[in-house]
Number of protein chains: 2
Amino acid sequence: MSKVKLQDIAIKAGVSMMTVSRVMNNDPKVGAKTREKVSKIANEMHYKPNIAARHLASSRSYFIGLVCEYANYSYVSKFLVGALRKCRTSGYHIILDEATSHREKTIATIKDLIYVTKVDGLILLPPISNIPEVVDLLVSENIDFVRIAPDINLTASHYICIDDYQAAFEVTEKLILNGHKRIAHIIGSPSQGASRMRYQGYLDALRSNQLMIPPEYIEQGDFTYKSGLDAAKRLLELTNKPDAIFAANDEMAAAVVSVAHMKHLDVPEDVSIVGFDDTELATTIWPNISTVTQPLEEMAELAIDILTTPKTPSPPKKPKMSSMRHVLEYQLQLRDSSKNNVNLT
Amino acid sequence: MSKVKLQDIAIKAGVSMMTVSRVMNNDPKVGAKTREKVSKIANEMHYKPNIAARHLASSRSYFIGLVCEYANYSYVSKFLVGALRKCRTSGYHIILDEATSHREKTIATIKDLIYVTKVDGLILLPPISNIPEVVDLLVSENIDFVRIAPDINLTASHYICIDDYQAAFEVTEKLILNGHKRIAHIIGSPSQGASRMRYQGYLDALRSNQLMIPPEYIEQGDFTYKSGLDAAKRLLELTNKPDAIFAANDEMAAAVVSVAHMKHLDVPEDVSIVGFDDTELATTIWPNISTVTQPLEEMAELAIDILTTPKTPSPPKKPKMSSMRHVLEYQLQLRDSSKNNVNLT
DNA sequence: CTGAAAGCGCTTACAG
DNA sequence: CTGAAAGCGCTTACAG
């Protein structure tokens, strides 16, 4: 039974509730002796602060809202793992919410999170991170939020990303280095900045190597397996088939592998396939997909960190500093779905 | 700005806070006129009840805890989708938590959920649903909880499952019907009841068809892709290879497909492969995996339903009724990873 | 470094 | 069917 409350500890320790409260919140200005005594008693009595009371009295809820489009997504899962891990050590809890399709519903979901649940901060996963109305709402309500891989209004909040452009550039160059000349690309969802960046990186790598590819080599996908399937079918039915396909995420790359198998093409002998993200899926199919490792768990931890670190109190409308941009390191992950003649790392 | 509170509405409507509170909680004993007037004003003012205040004053937190072992799991993701969907319409929120490996940490996580966050109810996913200490704790603290596919202490709580035994039996019989005689099985994690049930169903189907299989056809996995990989390698290197492999979940079945490909075996010509669960993965690899569709989203919705439906107040130690067992329908899903000569549905 | 008072925004339990 | 009072368990802001 943990009906122990602050007052019980206070009485037992012979101090005021305030002192106990201070000890529980690691307030430095408590005498070492008092602190120790109170801590000991609190532990013995298995005291746990009531989060609702704490929330009501203070301005902190100890909740972080995490908003994604579909929870059933390997990208989201991987992120979630990092976020949960970080929360376990910081006393915060994650309220996960899906905000699907309808823009109005998305706004409603977020309003609920900030007005009802009153989260201390919000993490917006793509493509939610790119909805102007959401950004405007959070800014005008002065809510702390961190966006993952956003594309718009970059000064509005902290955001975390990798250098998608550079990674895509490197991926493409690596393919070129390994002898590929007919490299196709499946673009990701148009609602995400990362899609554009990756596409651009691919394009520029071709250009800087004086490679021309036919326009049919560019396919528009939307990051789903299904879209990858359709794109891959078209690509691999071309008379002048590509000898390498770079898909903007692993889901679509997995689809390309499937289509290659259906058509009895050897991967990577007949066609090299590269994905992006390095989600669980990349190593769950055969051959394992060459991809770009995005440190999603680390990104999640950083997001929680930003949101839970108390700010130096400052007027809300203060100009934001440029350190709101957090670019983490990616890593090329060469596996069996692509030919790796050079640099067999 | 939504700093509107109960009192503001009360003043504007010229009634007491209690009346507003009653209207917000759909208390039937409020006059129709009053109700309408109050509702209207509350809407106009964009009133949202403060969840923390509500929680502190009443005994409900409007939070449901969902505890899984690894969030990064297609089974968990699929369940999550259903749970979130249901929550959106019921005013509840999901607090997701991972409880990994260490039993003591698992207990600590759950204690935190019930003592600190004070969730109204808890959903335990396998294998957490099978930890006796957890079940005992929740029972002794008189916390509402629903378990998914538990194996122990079945009278301790509501639980939701499918008939794993029957499903496995049918899967195996279907394979037999389609001409397979050398059917291997990869058992799931020993910490889950479903593994035993599926194994037993497989065994009994063989027996009832007078089929003998060598002991090497039984492999112990643990539901991970990795374990499936190891098991599949052993199975497909046997001199007397199986002509069908029934893995206890999709992850392991996907691994079998990978190994078959590595060994240049044709699926399903050389070996039929069947999984279980019908998670995203089953249709993300090629060939798509034949499997058993488990209505995980529906199971999630039911769990939330059970937890959020107000109970008829009754003394806690009352004998539980047998209706705590909820068995949902599964469905055989025949796809391209298995031969389907008969019954091409 | 420590404490007494007031209040966060609701609901419970009791009247009428 | 409606309301006045008290309190949920903490923290803020102010004293000392």
Side-chain angles (χ1 to χ4, degrees), chain A residues 1-39 41-42 45-63 91 114-118 120 310 313, chain B residues 1-39 41-42 45-63 91 112 114-120 310 313:
Chain A
M1 272 284 108
S2 176
K3 295 274 189 267
V4 199
K5 40 187 181 168
L6 214 53
Q7 200 172 176
D8 302 329
I9 314 285
I11 293 171
K12 192 132 187 177
V15 297
S16 74
M17 282 168 59
M18 263 328 293
T19 302
V20 182
S21 171
R22 288 196 182 96
V23 172
M24 300 318 296
N25 290 294
N26 293 314
D27 190 319
K29 35 182 192 275
V30 179
K33 283 211 165 175
T34 325
R35 145 160 293 121
E36 232 171 274
K37 186 172 160 197
V38 172
S39 300
I41 296 182
M45 299 182 73
H46 298 290
Y47 171 68
K48 301 273 185 184
N50 178 320
I51 207 174
R54 192 181 240 187
H55 179 180
L56 189 57
S58 70
S59 47
R60 316 186 72 178
S61 65
Y62 292 90
F63 285 120
I114 61 185
Y115 297 142
V116 181
T117 317
K118 297 199 192 293
D120 285 341
Chain B
M1 274 281 108
S2 177
K3 295 275 186 261
V4 200
K5 39 188 181 166
L6 214 53
Q7 201 173 175
D8 303 328
I9 316 285
I11 293 171
K12 192 131 185 177
V15 297
S16 74
M17 281 168 59
M18 263 328 293
T19 302
V20 182
S21 172
R22 288 196 180 95
V23 172
M24 298 320 294
N25 290 296
N26 294 315
D27 189 320
K29 37 183 190 278
V30 179
K33 283 211 167 175
T34 325
R35 147 162 290 120
E36 231 171 274
K37 185 172 160 196
V38 171
S39 300
I41 295 181
M45 299 182 71
H46 299 291
Y47 172 69
K48 302 273 184 183
N50 178 320
I51 208 175
R54 191 181 241 184
H55 179 181
L56 188 57
S58 70
S59 48
R60 315 186 72 178
S61 66
Y62 292 90
F63 285 119
D112 185 86
I114 62 186
Y115 297 142
V116 181
T117 317
K118 297 199 190 291
V119 294
D120 286 341

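To find a chain, count down the sequence lines: A is the first, B the second, and so on, and within it residues start at 1. We use all heavy atoms of the structure for the numbers below, so side chains are in, but hydrogens, waters and symmetry mates are not.
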**OP:** Look up atom CE in B:M17 and atom CD1 in B:I11, then write down how far apart they are to the nearest 0.5 Å.
**Re:** 9.5 Å

**OP:** Starting from C1' on C:dG7, measure out to CG on B:L6 and report it in whole angstrom.
**Re:** 16 Å

**OP:** Would you give the length of the straight line joining atom CE of B:M24 to atom OH of B:Y47, rounded to the nearest 0.5 angstrom?
**Re:** 6.0 Å

Original post:
Where the side chain of B:K5 is defined as all heavy atoms beyond and including C-beta, which of C:dC10, D:dC1, C:dG7 is the nearest nucleotide?
Top reply: C:dC10

Original post:
Taking OP1 and OP2 of C:dT2, is either one under 4.0 Å from a side-chain nitrogen or oxygen of A:T34?
Top reply: yes

Original post:
Can you check the A:D27 CG to C:dC1 C1' distance for me, whole Å?
Top reply: 10 Å

Subject >> Under 3.5 Å donor-acceptor, B:K118 side chain and A:N50 backbone >> reply: no

Original post:
Taking CE from A:M18 and C1' from D:dC10, how many angstroms apart are they, rounded to a whole number?
Top reply: 10 Å

Original post:
Which whole-number value in Å describes the distance from A:L56 CG to C:dG7 C1'?
Top reply: 9 Å

Original post:
Passes side chain to side chain contact (heavy atoms under 4.5 Å, CB included), A:T117 versus A:S61? Steps please.
Top reply: CA-CA 8 Å; A:T117 317; A:S61 65; over 6 Å; no

**OP:** Answer yes or no: is there a donor N or O on one side and an acceptor on the other, between the side chain of B:R35 and the main chain of B:D27, under 3.5 Å?
**Re:** yes

**OP:** Please identify each residue that fulfils side chain to side chain contact (heavy atoms under 4.5 Å, CB included) with A:V116, with sequence neighbours left out.
**Re:** A:D112, B:K48, B:I51

Original post:
So do A:H46 and B:Y115 actually touch side chain to side chain, heavy atoms under 4.5 Å?
Top reply: no

Subject >> Nearest-Å distance for atom pair OH/P, residues A:Y62 and D:dT11 >> reply: 7 Å

Subject >> Minimum-distance nucleotide to B:K29 side chain [options: C:dG7, D:dC1, D:dC8] >> reply: D:dC1

Subject >> Earlier contact from the 5' end, DNA chain D, for A:N50 and B:A32 >> reply: B:A32

Original post:
Quick one: is A:T19 getting a side-chain N or O under 4.0 Å of the C:dT2 phosphate, OP1 or OP2?
Top reply: no

**OP:** Specify the separation, in whole Å, of atom CE of B:M17 and atom P of D:dA5.
**Re:** 13 Å

**OP:** Take the protein atom CZ of B:R35 and the nucleotide atom C1' of D:dC1, then report the distance between them rounded to whole Å.
**Re:** 11 Å

**OP:** Write down the distance between CZ (B:R22) and P (C:dG9), rounded to a whole number of angstrom.
**Re:** 21 Å

Original post:
With respect to the side chain of B:R54, which nucleotide from C:dG9, C:dC10, D:dT11 is positioned closest?
Top reply: C:dC10

Original post:
Under 4.0 Å: is that the gap between some side-chain N or O of A:Y115 and OP1 or OP2 of C:dG9?
Top reply: no

Original post:
Has A:S16 got a side-chain N or O lying under 4.0 Å from the OP1 or OP2 atom of C:dG3?
Top reply: yes

Original post:
Given Watson-Crick or G-U pairs with both distances under 3.5 Å, what dot-bracket string fits DNA chain D, with | for other-strand pairs and [ ] for crossing?
Top reply: |||.||||||||.|||

Subject >> Under 4.0 angstrom between B:S21 side-chain N/O and C:dC10 OP1 or OP2 >> reply: no

Subject >> B:N25 side-chain N/O to C:dT11 phosphate OP1/OP2 under 4.0 Å >> reply: yes

Original post:
From the list C:dT2, C:dC10, C:dG7, which nucleotide is the closest neighbour of the side chain of A:A57?
Top reply: C:dG7

Original post:
Do A:K12 and A:V4 pass the side chain to side chain contact (heavy atoms under 4.5 Å, CB included) test, and can you show the C-alpha distance, the side-chain angles, and the key distance before you say yes or no?
Top reply: CA-CA 11 Å; A:K12 192 132 187 177; A:V4 199; over 6 Å; no

